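Everything on this sheet refers to the single structure shown next.
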Amino acid sequence: MIPFFPPDLFEDERETLLETVRTVATAPEQRFILGSHTAHFEERLRDHLGAADVVACGSGTMALSIVLRAMEVGAGDEVIVPAFGCAPLASTVIEAGATPLFVDIDPWTMVLDPDLAEQAVTSRTTALMPAHMFSVMADMPRIREIAQRHGLHLVEDSAVAQGGSLLGHPAGRWGDAGVFSFVQVKTFGTAGEGGAVVTDTPELGRLARMLRNHGQDGRTRFTHHRIGYNSRFDEIQAAFLTHRLPTLDDRLQRRARIAAYYTERFAPLAERGIQPPPPDGDGRCYYVYSLLAEHRDALRDHLAANGVASHVYYPRPLPHHPAFAAFAPEGARWPNAERASARTLALPIFPHLTDAQVEHIADTVCTFAPAAHETTAGATP
Ligand SMILES: Cc1ncc(COP(=O)(O)O)c(C=O)c1O
């Protein structure tokens, strides 16, 4: 079976990882969080992105919460989020005390539709929080324009897009603040959890640094200026990620080559109900490669029968989850998010897939015969 996320992600770096544990664990200072490795990692990432500040924290989810809190988004505020995506897009807004305004997505790229986002702005809207999706970055130039026109904070959820760039501008650098996730399987993953806030606004950076450590300012211990979180960064992860940063581009290029090959192979499959993402170009990020398939569940079975694991991101729109249903206005619909939930299917795209495996995956998709599956659950009217 070709796995979707392989268990040997860090096999080539296992010795470095073990050495990193030894180095941190035997250092005289015995510092395991927010020490010199974290400071060095933040500096390296800041230089890599050309940003004014990077604040490493416990996860991508916490990075979103910290940014919202630093922007003082809270009770009475509305935040525009895509109706399709990862749960933290909604949960962090609700946890901040604000209301998520779910906005539909583009039917092909599956990212926030900027026109609908602008139509959704009300006098209570204080922030826009688009997210890059699994193969395509959000339309940041237009979203930034909308944020500026309406005086809204712009939070760029780049949890899945580290290393992507649009019009020469790196993912994470388009908003007032950007957010990354370093969880194991991400393009810039580590052997555990982690996240970061990226910003050019010194005050946001200062507040994020404070909020990740219970609202303390780093100088006077046990004086809490803000109600913060415990979202401190781990020294072992910092050292390991610093080691992984210089090779990130190579891994991303390999992902992009695999994606380009898939897209070329799948382009003629439209009459069989299979639609790859828009062809390669600017603003792509290949954490996972998601296509749209009318007979998604049958295609998934066909892949499994041929030894290929796949994944459904996500089987339902955000406002359809029990946890977020209270924020779904009665009778509201998100037709493109609903359609994407029924059709999206992600294929393996990790960098150490062999060429033969990539070819096998593409061949398997291309040999799918939808006629036999016309009544499967994955098909939508
Ligand atoms: C769009 C998006 N935002 C936020 C997150 C949260 O990141 P983390 O898992 O590091 O908390 C994820 C995780 O996959 C994500 O896909």
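Every number for a ligand or one of its atoms is a count from 1 in the order of the listing. Both backbone and side-chain heavy atoms feed into the values below; hydrogens, waters and symmetry mates do not. As the structure is a computational prediction, the values presented were derived from the model and not from experiment.
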Option with minimal heavy-atom separation from atom 12 (C) of ligand 1, where the choices are S65, A87, C86: C86
Candidates I80, I143, V93 - the one meeting side-chain contact (heavy atoms from CB on, under 4.5 Å) with M129: V93
Geometric N/O contact E193 with ligand 1, under 3.5 angstrom: no
Option whose closest heavy atom lies nearest to atom 8 (P) of ligand 1, chosen from C57, G60, S158: G60
Polar atom proximity, V160 to ligand 1 (N or O, under 3.5 Å): no
Atom 3 (N) of ligand 1: the protein heavy-atom neighbour that sits closest, reported with distance to 0.1 Å: D157 OD2, 2.6 Å
Parallel, tilted or perpendicular: rings of Y287 and F134 (30°, 60°): tilted
Heavy-atom side-chain contact between W334 and H320 under 4.5 Å: yes
F4-F350 aromatic ring centre distance below 6.0 Å: no
Interfacing atoms of ligand 1 (cut-off 4.0 Å, heavy-atom, A159): 2 (C), 3 (N), 4 (C), 5 (C), 12 (C), 15 (C)
K186 and ligand 1 - part of the residue with a heavy-atom distance under 4.0 Å: side chain
Verify same cluster id: F5, L303 (apolar side-chain graph, 4.5 Å): no
Ion pair R142/D115, N-O distance below 4.0 Å: yes
Full working for side chain to side chain donor-acceptor pair (under 3.5 Å) between R300 and S310: CA-CA 7 Å; R300 195 171 188 202; S310 59; 3.3 Å; yes
Atoms of ligand 1 close to T61 [distance to a heavy atom under 4.0 angstrom, numbered from 1]: 6 (C), 7 (O), 8 (P), 11 (O)
Heavy atom of the protein closest to atom 9 (O) of ligand 1 (residue, atom name, distance): S181 OG, 4.0 Å
